[in-house]
Amino acid sequence: GYGREERTSVLVFDLGGGTFDVTVLDIDKDALEVISTAGDTFLGGDDIDVALAERFCDTCLREHRLDPRTDPQAFERVRAAAEWAKCRLSLEPSCTLTLEELFLVGGEARDLNLAITREELETLSRPLVAGAFDVVNEALRACGRRPKEIGHVVLVGGSTRMPLVVEMVREFFGRAPRFERDPDLVVAQGAAIQGWMLGGRTGTAPRTSLARVALQRREGPRSTIAEARPRQPAFAPDAR
């Protein structure tokens with residue numbers, strides 16, 4: 001939905017769970033032109049989860065002389081807890097968590113209690129997120145653009161909910177990125193709008209859910225499927 005009133009350039013900063021992609025677009029009303037793309041298939045939120053899980057395992061080893069990394073099932077529980085903590089820290093300055101009965105000591109089940117602050121997570125994550133800007137520079141060099149020549153930066157992918165990512169994007173481009181749309185849905189929403197325009201439709205697209213559109217294509221325009229409520233972001237980035 002960007003650029004429908006004037007010609008502009010958009011950089012899509014897509015940081016998902018497993019990959020990172022950058023696309024630079026020129027948009028002029030209904031016309032979109034891809035200027036350059038770049039990506040790293042080995043960079044994403046999963047890497048932050050693993051780094052935080054490693055930190056939790058080091059804590060467990062230091063305090064209990066037990067290493068969850070020696071047990072795949074135990075480590076997976078720690079990794080899942082790290083992902084949960086990362087999401088909570090997008091909303092709160094600190095969080096605590098307990099992994100119940102993570103290991104046995106003398107036949108007795110023991111819990112692992114953990115605490116982490118947003119500042120600690122950002123210190124751990126910053127080198128990983130910084131790698132994304134090497135890819136951004138590659139995309140900008142390919143199209144001969146400088147950061148200040150980009151009209152809008154659009155955040156896509158669940159990992160862009162982290163306040164650290166928003167902050168680093170703002171520092172790099174010298175302006176706040178756009179994240180008013182749910183980063184997990186924005187690609188599908190954009191594809192739906194573009195499909196509407198390519199289908200020869202004019203005016204404003206109807207306010208309907210993507211699920212309803214898909215069902216109508218299968219069942220015909222007279223479908224009485226109830227319209228779903230818009231999905232709210234699970235973890236919104238810090239408005240600062």
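Note that these values count all heavy atoms, side chains included, but never hydrogens, waters or copies made by symmetry.
- Ion pairing of Asp71 with Arg77 is absent here, as no side-chain N (NZ or NE/NH1/NH2) approaches a carboxylate O to less than 4.0 Å.
- Heavy atoms only, all atoms of each residue included: Val24 and Cys143 are closest at CG1-SG, 4.2 Å.
- Under 4.0 Å is where a charged nitrogen must lie from a carboxylate oxygen, and between Arg170 and Glu167 no such pair does.
- Between Met162 and Ser125, the shortest heavy-atom distance links the atoms CE-OG, 4.0 Å.
- The backbone N or O of Ala142 lies less than 3.5 Å from no partner atom in the side chain of Ser36, so there is not a single donor-acceptor pair.
- For Asp46 and Arg79, the salt-bridge test fails: no basic side-chain N is under 4.0 Å from an acidic carboxylate O.
- Between Leu25 and the choices Thr37, Val12, Val154, the side chain to side chain contact (heavy atoms under 4.5 Å, CB included) rule is met once, by Val12.
- Contacts of Ser94 classified as side-chain contact (heavy atoms from CB on, under 4.5 Å), with partners at least two apart in sequence or in another chain: Thr117.
- Applying the side-chain contact (heavy atoms from CB on, under 4.5 Å) criterion to Asp58, with sequence neighbours excluded, gives Arg69.
- Every residue two or more places apart in sequence or in another chain that forms a side-chain contact (heavy atoms from CB on, under 4.5 Å) with Ile116 is listed here: Leu52, Arg55, Phe56, Ala85, Leu89, Cys95, Glu120.
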Trace of the ring pair (Phe, Tyr, Trp, His ring centres under 6.0 Å) decision for Phe13 with Phe133 = CA-CA 10 Å; Phe13 187 100; Phe133 293 93; 5.7 Å; yes
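- Using a 4.0 Å cut-off between a side-chain N of Lys or Arg and a carboxylate O of Asp or Glu, Glu83 and Lys86 do not qualify as a salt bridge.
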